[in-house]
Protein chains: 2
Amino acid sequence: MAHAELQLDNQICFRLYTAARLVTQAYTPMLTELGITYPQYLVLMVLWEKDNQPVNDIAHRLLLETNTVTPLLQRMEKLGIVNRKKGEQDKRQQIVSLTKKGKEMEELAYAKIPAGMGEQLSACPLKLEDYFHLAQELDSIIKTLKK
Amino acid sequence: MAHAELQLDNQICFRLYTAARLVTQAYTPMLTELGITYPQYLVLMVLWEKDNQPVNDIAHRLLLETNTVTPLLQRMEKLGIVNRKKGEQDKRQQIVSLTKKGKEMEELAYAKIPAGMGEQLSACPLKLEDYFHLAQELDSIIKTLKK
DNA sequence: TAACAATAAATCGTGCGCGATATAAGTAGG
DNA sequence: CCTACTTATATCGCGCACGATTTATTGTTA
């Protein structure tokens, strides 16, 4: 290995890739209890914040493309979590809304997930201010790279 | 939205998920020139560091399962980047080695990737010490969550 | 208002990740 | 030395991500 720049240990990207996978894995047990995946949980958070949004708005909020979000929403519709119906003023849009089940999952998530993640990260030496700092650094990278 | 803990903007995980995707996307143009994907690039970095490794060692280095790495290596073999041959002392193992093409890609990567990433992140306000700090925080999370 | 460009969503193909399972080879205990 | 257990890899199925293309609807402009 001639080039230090190409070493795995020197790569921020590999750390991001790995940390994202491991944190998502840490969510998985709680999400499996709810019957959903992590990307589906992200969609739910978007809709809990504001219900009745077109596919595009959800995709933009998550910085994803509609060709990722559309199949995701179709699966969530099959699960009975969301409804999709044509927009009335703009018939190209699909307006996504929470079902009763989708709304009720917020309380279930609140009961399980923050505590479950807290427990799994309890052994992590990072302090609250470290997480705050980390969030700012990630936001800088995200802001720089998003189109 | 009743619960601040469940808001997207308060989630470290969503930031990790997004930052990892966007940084990977930033690599993509350079990697496409080389004809490989980001996970394939990770495998190459592992092999550039130390050639002739069994599947398990590569998987452990990347914190991935063999059911992810095996098909990845099969695709890389088809691309003529690596060879796989049965281990001699332990016939269960597949020893993975770089082909001539795989070795030559290190220089191509070194010529393109550090410069390309530097350019794309040039607008990012983070300083060298911020990246160092970020790396440490990510390492803490990774160390805590890996099995 | 007819033609054309732009936009919203969906569809298709490929490559990951990963849980679950299978297969083959090595190891250990009786 | 035979059976049981462990380990290394592979296979299968599903759900993302994402580039590329398609379809339907809206807007724009001559």
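Side-chain atoms are counted along with the backbone in the values below, which use heavy atoms only and exclude waters and symmetry mates. Just so we're on the same page: letters track the sequence lines, and every chain starts at 1.
- When rounded to the nearest whole Å, the span between CZ of A:F14 and P of C:dG17 equals 11 Å.
- Contact check for B:V23 versus A:I12: no side-chain heavy atoms found under the 4.5 Å cut-off.
- Distance A:Q94 CD to C:dA8 P: 14 Å, rounded to the nearest Å.
- Using a 4.0 Å cut-off between charged nitrogen and carboxylate oxygen, A:D9 and B:R61 count as a salt-bridge pair.
- The distance between atom CG of A:L62 and atom P of D:dG15, rounded to the nearest whole Å, is 19 Å.
- Comparing A:L73 and B:K86 along DNA chain C, the residue whose closest nucleotide (by nearest heavy atom) sits nearer the 5' end is A:L73.
- Inter-residue side-chain proximity for A:K146 and B:L22 is flagged as met; some heavy-atom pair is nearer than 4.5 Å.
- Tested against A:I81 for a side chain to side chain contact (heavy atoms under 4.5 Å, CB included), the candidates A:I36, A:L34, A:L47 yield a single pass: A:I36.
- Protein atom CG of A:L31 is 15 Å distant from nucleotide atom C1' of C:dG19, rounded to whole Å.
- With contacts defined as side-chain heavy-atom distances shorter than 4.5 Å, the pair B:L64/B:L42 does not qualify.
- For B:R92 and D:dT9, a side-chain-to-base donor-acceptor distance below 3.5 Å is absent, hydrogens and geometry of angles not being considered.
- Between B:L42 atom CG and C:dG15 atom P the separation is 17 Å, expressed in whole Å.
- An OP1 or OP2 oxygen of D:dA10 is reached within less than 4.0 angstrom by a side-chain nitrogen or oxygen of B:R84.
- Here B:T70 reaches the OP1 or OP2 of D:dA10: one of its side-chain N or O atoms lies under 4.0 Å away.
- In this structure, the CE atom of B:M76 is 13 Å from the P atom of C:dG15, given to the nearest Å.
- Of the candidate nucleotides D:dA8, C:dA9, D:dT25, D:dT25 has the atom lying nearest to any side-chain atom of A:D90.
- Rounded to an integer number of Å, the gap from CD of B:E88 to C1' of C:dA25 is 16 Å.
- The phosphate of D:dT11 (OP1 or OP2) has a side-chain N or O of B:Q74 nearer than 4.0 angstrom.
- B:L16 has its CG atom 15 Å from the P atom of C:dG17, to the nearest Å.
- Between B:Q93 and the phosphate of D:dT7, there is no side-chain N or O to OP1/OP2 separation shorter than 4.0 Å.
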Using a cutoff of under 3.5 Å, can you pull out all pairs of nitrogen or oxygen atoms linking the protein to nucleotides 16-18 of chain D, with atom names and distances?
| residue | atom | partner | partner atom | Å |
| --- | --- | --- | --- | --- |
| D:dC16 | OP1 | A:T37 | OG1 | 2.7 |
| D:dC16 | OP2 | A:Q40 | NE2 | 2.7 |
| D:dC16 | OP2 | A:R75 | NE | 2.7 |
| D:dC16 | OP2 | A:R75 | NH2 | 3.4 |
| D:dC16 | O5' | A:R75 | NH2 | 2.5 |
| D:dA17 | OP2 | B:Y17 | OH | 2.7 |
| D:dC18 | OP1 | B:Q25 | NE2 | 2.4 |
| D:dC18 | OP2 | B:R21 | NH1 | 2.6 |
| D:dC18 | OP2 | B:Q25 | NE2 | 3.4 |

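- Note that CH2 of B:W48 and NE2 of A:H3 are 9.0 Å apart. Values are rounded to the nearest 0.5 Å.
- B:R75 is not listed as a side-chain neighbour of B:T37, based on a closest heavy-atom distance of 4.5 Å or more.
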